[in-house]
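Please read the structure below before turning to the comments.
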Amino acid sequence: MSIRSEDYTKVVHAGVEPDPRTGAIMTPIFQTSTYVQSAPNEHKGWDYSRAGNPTRDALEVAFAALEGAKYGLAFSSGLAAEQAIIQILNPGDHVLVCDDVYGGTGRLFRRLFAKYGLEFEFIDMTKMENIAKAIKPSTRMIWVETPTNPLLKVIDIAATVKLAKQAKALLVVDNTFASPIYQSPFELGADIVMHSTTKYIGGHSDIIGGAVMVNDDKLYEEIKFVQFAAGAVPGPFEAFLLLRSIKTLAVRMAKHSENGLEVAKFLSQHKKVESVFYPGLPSHPQHELAKKQMRGFTGMVSFNLKGSYEQVVTTLQKMKVFSLAESLGGVESLVNHPEKMTHASVPEAMRKHLGIGPNLIRLSCGIEGTPDIIADLEQALS
Ligand SMILES: *Cc1c(COP(=O)(O)O)cnc(C)c1O
């Protein structure tokens with residue numbers, strides 16, 4: 001259970017070559033929309049920044065390196081990345097989605113893409129027989145988010161790959177929560193990996209972004225065409241900030257993970273806590289699977305507090321190191337109330353079924369000192 005030493009090196013150098021003109025060690029921000037041509041359609045490889053931009057190109061090489069993939073593609077948000085993946089499908093195609101997905105993913109599929117003749121079916125993917133039963137001839141894609149948000153369920157990627165292959169469906173993994181440092185879906189056979197780079201990859205709560213990684217040439221061409229034709233691309237400045245963030249991804253993840261585990265242990269012993277969700281705890285129902293397919297468990301910890309909703313709110317308001325805010329994966333600790341915040345768009349019956357209720361709190365442990373984080377929870381819970 002630890003970070004591969006080569007990953008510390010990889011993140012520092014991923015995608016970055018000294019600028020050939022100046023020798024600048026950092027990739028310049030090419031803040032330009034267009035490029036001068038010497039004759040019609042004769043240029044240096046770039047013609048318009050929706051199609052390509054040198055800063056974004058470096059980022060896309062870095063994305064590919066992070067997941068050990070052949071190709072990377074950058075998008076203006078995690079949801080824009082998801083949109084591009086879904087847009088390679090055709091009306092009538094059936095997509096199986098794990099039931100505990102990020103609220104915005106469910107909203108995109110249910111409220112937007114369902115209008116265009118695509119069929120989405122949300123199922124509990126912690127049991128392989130559920131997937132096997134739900135596959136039908138029109139199933140073209142299986143969408144896995146693991147660990148899930150906010151309940152940190154773990155889905156067996158390698159076993160799902162087998163079912164996807166039999167069905168000739170594409171297996172997509174939303175790897176946002178684990179980060180490329182702690183989980184490598186391509187090594188388990190996934191076809192497409194995506195990230196909301198707003199979270200751990202960005203890591204500083206200052207950008208919105210998304211990434212798609214693939215190995216297959218044809219799949220790359222299809223998704224790249226959507227990126228170019230629909231245009232949900234990041235600007236050069238966001239691309240630069242991400243290149244900068246990626247260099248510290250491994251060291252940040254190490255501290256997030258250390259804090260996450262200590263917080264999970266602290267909460268599981270606390271008398272005001274009903275239940276704790278953290279794949280790194282031996283009490284987690286899929287702890288063995290988590291140890292098999294992950295190399296660490298990140299800073300994401302969810303728990304149910306005992307008491308009334310008012311007491312839950314008071315506890316949230318008393319926290320000082322943790323700020324009450326949406327999002328996750330930044331260097332500063334954040335606390336979120338999924339029912340009222342990130343997962344408010346999930347249909348109520350689904351929330352009840354999943355166990356996202358008034359007492360559920362989700363923590364994104366930052367990289368502050370461990371004793372300060374624990375002390376903050378201690379005073380807020382007292
Ligand atoms: C935040 C998030 C998304 C959506 O990404 P945005 O950058 O907010 O568009 C998708 N999946 C997961 C797991 C997320 O946490």
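First listed ligand is number 1; within each ligand, the first listed atom is number 1. This one's a predicted model, so the numbers in the text were calculated from it and none came from an experiment.
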Leu328-ligand 1 polar pair, N/O distance under 3.5 Å: no
Atom 2 (C) of ligand 1: nearest protein contact (heavy atom, Å): Lys199 NZ, 2.5 Å
Leu334 and Ser323, any side-chain heavy atoms less than 4.5 Å apart: yes
Atom indices of ligand 1, in the order listed, that fall short of 4.0 Å to a heavy atom of Ser196: 1 (C), 2 (C), 3 (C), 4 (C), 5 (O), 6 (P), 7 (O)
Those atoms of ligand 1 less than 4.0 Å from some heavy atom in Gly209: 7 (O)
Within reach of ligand 1, part of Leu79 (heavy-atom separation under 4.0 Å): both
Numbered atoms and elements of ligand 1 in range of Glu82, under 4.0 angstrom, heavy atoms: 10 (C), 11 (N)
Closest candidate by heavy atom, reference atom 13 (C) of ligand 1, pool Leu108, Asp174, Asn149: Asp174
Under 3.5 Å: donor-acceptor pair, side chain of Ser268, backbone of Lys265: yes
Plane angle bin for Phe122 and Phe120 - parallel if under 30°, tilted between 30 and 60°, otherwise perpendicular: tilted
Ligand 1 to Thr198 polar contact by distance, N or O atoms, under 3.5 Å: yes
Where ligand 1 meets Gly78 - atom numbers and elements under 4.0 angstrom, heavy-atom basis: 5 (O), 6 (P), 7 (O), 9 (O)
Lys218 with Glu221: basic N within carboxylate O range, under 4.0 Å: no
